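In this text the structure is predicted, and so the values were computed from the model without any measurement.
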Amino acid sequence: IIKKIQKQESAEKENKGEPALYSSKDFLKERKEWEKFYKDNFKETIDLSEVKIPVRPKGNYRLLIIKKDLTPNQVFERCKELFNAWRYKEDLNTAIVKNSRNPKEHYAVWVQVNQEPDPEYLNQSTNQADPDMKIGVTLLERLILEIKYFEENKEKKQNTEKHLDIKGITFCTGSRGAGGRVPGVCWDGDGSKLEVYWYDLDNCNPKYGLRREVSYTNPGLTGVFSN
């Protein structure tokens, strides 16, 4: 344990404020699980052995690995194959005009493990909690998280146990649509389908909020997804 702490502290110093990195020898099980995830869901064989993984933050976090060149449209179509799903904008790739992270390469993020949005950000609008797109998940990450959560809970009896955001809505503050609005994702009120909608940046509600992410890099706020 002491060696692990020393290793993390040393890495943090070397990265000068950036999240410290685990080596390619760390999280081998999780890397293999995500390789299987993409093989099962998107019929692609990929190698995630060299993906940079930032040191796990304190708290109840889980690892997401996002595949290179993955798009929201691809992930949403997979959602539709697994369960009912609806989107306000038919083409999510072009509806999203800014992302804090784009999958130009495979990358890893840590997100808090909650069925609902992170408690500390409930009842905060996007303008209050993440106006600069620095701490929240992107729409792509939120949709991947939905599939992963469903896979792990699909044997449960109630739909409300199989999906995220049953009571609330996750503002995907790492993404912006045309006009500056923020995409939001939830399992709709009657418990029948996943919904992707758009919200004003000042919209707030005691059940709405963001999901915090921790990643190695923030490659900027430019670029849209190719079809």
Side-chain angles (χ1 to χ4, degrees), residues 24 27-53 61-96 99-115 136-166 169-170 172 174-175 183-188 191-197 211 213-216 223-227:
S24 58
F27 293 99
L28 295 179
K29 177 183 176 183
E30 288 80 358
R31 292 174 193 271
K32 292 298 182 183
E33 286 178 353
W34 279 102
E35 288 174 356
K36 184 177 185 302
F37 173 88
Y38 285 109
K39 180 70 173 178
D40 292 346
N41 287 286
F42 299 98
K43 312 304 180 188
E44 292 192 43
T45 301
I46 59 175
D47 178 6
L48 300 176
S49 62
E50 297 301 320
V51 174
K52 295 179 179 179
I53 297 179
Y61 280 81
R62 73 168 303 156
L63 181 68
L64 298 186
I65 298 182
I66 305 301
K67 183 188 77 67
K68 179 182 177 180
D69 294 331
L70 191 66
T71 72
N73 281 348
Q74 286 179 295
V75 182
F76 188 83
E77 289 303 318
R78 179 56 180 159
C79 288
K80 287 171 61 178
E81 292 173 358
L82 295 170
F83 42 77
N84 291 332
W86 174 89
R87 53 190 162 185
Y88 180 72
K89 299 283 188 178
E90 184 62 27
D91 187 349
L92 296 177
N93 291 357
T94 57
I96 298 296
N99 290 285
S100 53
R101 288 164 302 285
N102 287 314
K104 296 177 181 178
E105 301 292 340
H106 305 321
Y107 72 87
V109 297
W110 292 99
V111 296
Q112 289 200 57
V113 184
N114 304 301
Q115 190 174 18
V137 299
T138 65
L139 175 61
L140 179 64
E141 293 160 2
R142 172 61 184 81
L143 293 175
I144 283 291
L145 183 60
E146 183 72 34
I147 295 175
K148 188 67 170 172
Y149 189 88
F150 175 76
E151 282 190 342
E152 295 171 350
N153 294 279
K154 61 185 178 182
E155 301 305 322
K156 294 182 178 179
K157 293 182 179 181
Q158 302 297 323
N159 253 351
T160 53
E161 299 177 293
K162 301 176 184 179
H163 297 279
L164 299 167
D165 294 308
I166 301 300
I169 294 171
T170 288
C172 303
S175 299
V185 181
C186 69
W187 192 256
D188 82 330
S192 64
K193 62 182 178 296
L194 180 79
E195 292 189 342
V196 179
Y197 206 73
R211 291 178 184 270
E213 63 79 27
V214 174
S215 55
Y216 171 58
V224 295
F225 295 96
S226 60
N227 289 316

When every non-hydrogen atom of Tyr61 is compared with those of Gln112, the smallest separation belongs to CZ-CG, 3.3 Å
Just how far is it from atom CG of Leu82 to atom NZ of Lys80, taken to the nearest 0.5 Å?
12.5 Å
Got Val75 and Leu92 here, is their nearest side-chain heavy-atom distance under 4.5 Å?
no
Pro183 and Ser175: which non-hydrogen atoms are nearest, and at how many Å?
CD-O, 3.5 Å
Among His163, Arg78, Lys162, which one satisfies side-chain hydrogen bond (donor to acceptor under 3.5 Å, both in side chains) with Glu146?
His163
Looking at Glu50 and Arg31, is any side-chain nitrogen of the basic one under 4.0 Å from a carboxylate oxygen of the acidic one?
no
Short N-O contact, Glu213 and Arg211, less than 4.0 angstrom:
no
Quick one: do Tyr38 and Ile66 satisfy side-chain contact (heavy atoms from CB on, under 4.5 Å)? Show the steps, please.
CA-CA 9 Å; Tyr38 285 109; Ile66 305 301; 4.3 Å; yes
Between Thr138 and Cys172, is any pair of side-chain heavy atoms under 4.5 Å apart?
no
To the nearest 0.5 Å, how far apart are CD in Gln74 and CZ in Phe42?
7.0 Å
Atom pair CG/CD1 of Leu164 and Ile169 - distance to nearest 0.5 Å
13.5 Å
Do Lys193 and Asp188 touch side chain to side chain, with heavy atoms closer than 4.5 Å?
yes
Under the side-chain contact (heavy atoms from CB on, under 4.5 Å) rule, what do Glu30 and Ile53 come out as? Steps first, then yes or no, please.
CA-CA 11 Å; Glu30 288 80 358; Ile53 297 179; over 6 Å; no
Between Lys36 and Glu151, is the closest basic N to carboxylate O distance under 4.0 Å?
no
Which value, rounded to the nearest 0.5 Å, describes the distance between Ile147 atom CD1 and Glu81 atom CD?
9.0 Å
Pair Leu145-Val137, side-chain contact (heavy atoms from CB on, under 4.5 Å): steps then yes or no:
CA-CA 10 Å; Leu145 183 60; Val137 299; 6.0 Å; no
Apply side chain to side chain donor-acceptor pair (under 3.5 Å) to residues Thr170 and Asp165 and explain how you reach the verdict.
CA-CA 7 Å; Thr170 288; Asp165 294 308; 2.8 Å; yes
Under a 4.0 Å threshold between the charged nitrogen and the carboxylate oxygen, would Glu35 count as salt-bridged to Lys32?
yes
Do Trp187 and Phe83 have ring centroids that are under 6.0 Å from one another?
yes
Which atoms form the tightest heavy-atom contact between Gln115 and Thr160, and what is the distance?
NE2-O, 2.7 Å
Stepwise, does the side-chain contact (heavy atoms from CB on, under 4.5 Å) test hold for Leu70 with Ile144?
CA-CA 10 Å; Leu70 191 66; Ile144 283 291; 3.6 Å; yes
Answer whether the closest heavy-atom distance between the side chains of Val109 and Glu141 falls below 4.5 Å.
yes
Is Asp91 reaching over with its side chain to a backbone N or O of Asn93, donor-acceptor style, under 3.5 angstrom?
yes
In Å, rounded to the nearest 0.5 Å, how long is the span from CG of Asn102 to OG1 of Thr71?
11.5 Å
With side chains defined as the heavy atoms from C-beta onward, is the minimum distance between Val196 and Trp86 less than 4.5 Å?
no
Got a second to check how far Glu44's CD is from Phe37's CZ, nearest 0.5 Å?
11.5 Å
Arg101 and Gly136 have their tightest heavy-atom pair at NH2-O, 3.2 Å
Within 45° of the ring axis of Trp34 and under 6.0 Å from its six-membered ring centre, is that where the NZ or CZ of Lys148 lies?
yes
